[in-house]
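Step one of this worksheet: look at the structure below.
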Amino acid sequence: MTVERPTGDRLAGIARRLGFVLTDQERGEFQALVSEALEVHDWIDEVAPPPAIERDRTGRAPSPEENPLGAWYWRTNITNGGSGSLAGKSLAVKDNICVAGVPMMNGTSVLEGFVPERDASVVQRVLEAGATIAGKAVCESFCFSGASHTSDTGPVRNPYDPTRSSGGSSSGCAALLAAGEVDMALGGDQGGSIRGPSSWSGVYGLKPSYGLVPYTGAYPLEMTLDHLGPMARTTADVALLLDVIAGPDGLDPRQGQAPDRIGSYCDDLEMGVEGLRVGILLEGLGWEGSEPEVDRAVLASVRALGKLGAAVSEVSVPWHRMGGKLALAIAAEGFTSQLIHGSGMGTGWRGLYRVDMLQAMADGLRSRADLLPHMVRLQALTGQWLHDTYRGTYYARAQNLSRELAAAYDEALEKVDLLVLPTTPMRATHLPGPGISATESTHTAHQMGANTSAFNVSGHPAMSLPCALHEGLPVGMMLVGRRGGDATLLRAAHAFEQAVFHPPPPG
């Protein structure tokens, strides 16, 4: 294969977009020089290994009868028959995570027809531990919504009330868990996409410390915000799954900031909360759009932790109210750079570049960009405007401010072991009709992530657990710990689940 060479006119057009002009003489010279420079790319085509052979894995699209919640994208029965810690456990994989030989859509028709060549690192690990992958769970389009109506396969319905959202973007994972169709799920979280669905669907979900779990083989949103993590119907299963998927894979640059992992996350589950210092994060309460019932349920749950032996106090972190704004600023330009211009991979990092994912995204955006939903268009337009006008200045300033946000949480977590706040300010909202406006769609997503997205920016571990049912709908409580303190979150969540509240199944 020979890399295509540009004409002089094409180079002149590229030069204009870059802000300079080629003279007629330079046009011819640079055409020859660029052609010469591209010879190395001909060589790469010759020596690069061929794509991995697609695995022979059977599967099928779900029938409407077996998919009443709209939560399955693809059904499978993949196992290596191992006898590891996940033997006998069924698992759903969010459809932004690669499972080799299984169609993958990432919630968008832009990618429809893409079949990954190799498993994501977390998928390799769960299969080696003996799990059975029951299928791919629907996720929101490009994982860019906190509600469950943006996937091009249709809405994902909440098992507690099918007229309501199951949350997003790990919408299918949460719905399938709550409905009892799988034991565990692999979710993804860039602004609350594990914790929000867990809150609205009454399940348990952990966004681990940044870098603890490898992201290799999952479609990104923005490299500094990306997390993969475990979801389940019990804290014990969240810990069990985290044991399997945590740790470096040597391929993900995010893991350069990973905290040290010590022992099993299941080891300390039975320690209880005696002696733990728990701080109610005041800025996590009373948002515009908050439901008072949600705040009251979380406050009552913290008092219950106090009765179990935790020392409860109030903590103020004024920076928390700015965390969501930083997340939006980072996501807009970072998403545009990495996903739109970088076809999902971007440049400038060491690790495994998934060429199959990159090519699928590039081809889809080139031919089907008109299928992008409101939230994705908003981010792309905002990010491109900022890039064209300010050349990355605001992205850089937001990233610099992110250190102040993280330091503010760190300071609070010197005084307490855990911060507690509502996962989402409200319970599950009603699914909108097909004619939802861009304004309504984006505002709902922003309100839902008011408390969650700041911890994607700071990198602290954060877990949602059910703490109450109000009028038949789950209420989620979020625990936040020190970087690397994931085990403390699990310990407190398990104690609360065993002694205070565990949600009844839907219906």
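Note that the coordinates shown come from a computational prediction; the quantities given were computed from them, not determined experimentally.
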Between the side chain of [X] and the main-chain N/O of [Y], is any donor-acceptor distance below 3.5 Å?
| X | Y | answer |
| --- | --- | --- |
| Glu140 | Thr150 | yes |
| Ser90 | Asp183 | yes |
| Ser165 | Ser148 | yes |
| Arg427 | His470 | yes |
| Asn456 | Gln190 | yes |

Salt bridge (Lys or Arg N to Asp or Glu O under 4.0 Å) contacts touching [range] (sequence neighbours left out):
| range | result |
| --- | --- |
| residues 125-136 | Asp95-Lys136 |
| residues 96-113 | none |
| residues 204-227 | Asp226-Arg254 |
| residues 143-156 | none |

Closest approach of [X] to [Y] (non-hydrogen atoms, all atoms of both residues):
| X | Y | answer |
| --- | --- | --- |
| Trp74 | Val102 | CD1-CG1, 3.5 Å |
| Ser170 | Gly187 | OG-CA, 3.8 Å |
| Ser141 | Val376 | O-CG2, 3.9 Å |
| Tyr395 | Ile330 | CE1-O, 3.5 Å |

Heavy-atom side-chain proximity of [X] to [Y] below 4.5 angstrom:
| X | Y | value |
| --- | --- | --- |
| Leu240 | Lys89 | yes |
| Glu293 | Val475 | no |
| Pro159 | Leu69 | yes |
| Pro422 | Leu285 | yes |
| Leu281 | Val480 | no |
| Pro474 | Tyr160 | yes |

Polar contact flag, side-chain donor to acceptor under 3.5 angstrom, Asn451-His320: yes
Side chains of Thr423 and Ser464, donor plus acceptor under 3.5 Å: yes
Among Leu489, Leu465, Leu490, the one residue meeting side-chain contact (heavy atoms from CB on, under 4.5 Å) with Val238: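 Running side-chain contact (heavy atoms from CB on, under 4.5 Å) over Leu489, Leu465, Leu490 with Val238 returns exactly one hit, Leu490.
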Given Asp189, Thr424, Thr452, the one that forms side chain to side chain donor-acceptor pair (under 3.5 Å) with Arg195: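 By the side chain to side chain donor-acceptor pair (under 3.5 Å) criterion, Arg195 pairs with just one of Asp189, Thr424, Thr452: Asp189.
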Side-chain donor-acceptor pairs under 3.5 Å in residues 337-347, sequence neighbours left out?
{"residue": "Gln338", "atom": "OE1", "partner": "Met223", "partner atom": "N", "Å": "3.1"}
{"residue": "His341", "atom": "NE2", "partner": "Gln384", "partner atom": "OE1", "Å": "2.5"}

Any residue meeting side-chain hydrogen bond (donor to acceptor under 3.5 Å, both in side chains) with Arg157, in chain and number order, not counting sequence neighbours: none
Set of residues satisfying side-chain contact (heavy atoms from CB on, under 4.5 Å) with respect to [X], sequence neighbours excluded:
| X | value |
| --- | --- |
| Arg366 | Ala362, Asp363 |
| Pro62 | Glu66, Asn67, Trp72, Arg75 |
| Ala428 | Asn158, Arg164, Trp200 |

Ring geometry between Phe455 and Tyr409 (parallel below 30°, tilted from 30 to 60°, perpendicular above 60°): tilted
Verdict with reasoning, Leu186 to Cys173, per side-chain contact (heavy atoms from CB on, under 4.5 Å): CA-CA 7 Å; Leu186 290 172; Cys173 290; over 6 Å; no
For [X], all residues meeting ring pair (Phe, Tyr, Trp, His ring centres under 6.0 Å), sequence neighbours excluded:
| X | answer |
| --- | --- |
| Tyr215 | none |
| Tyr204 | His502 |
| Trp349 | Tyr353 |

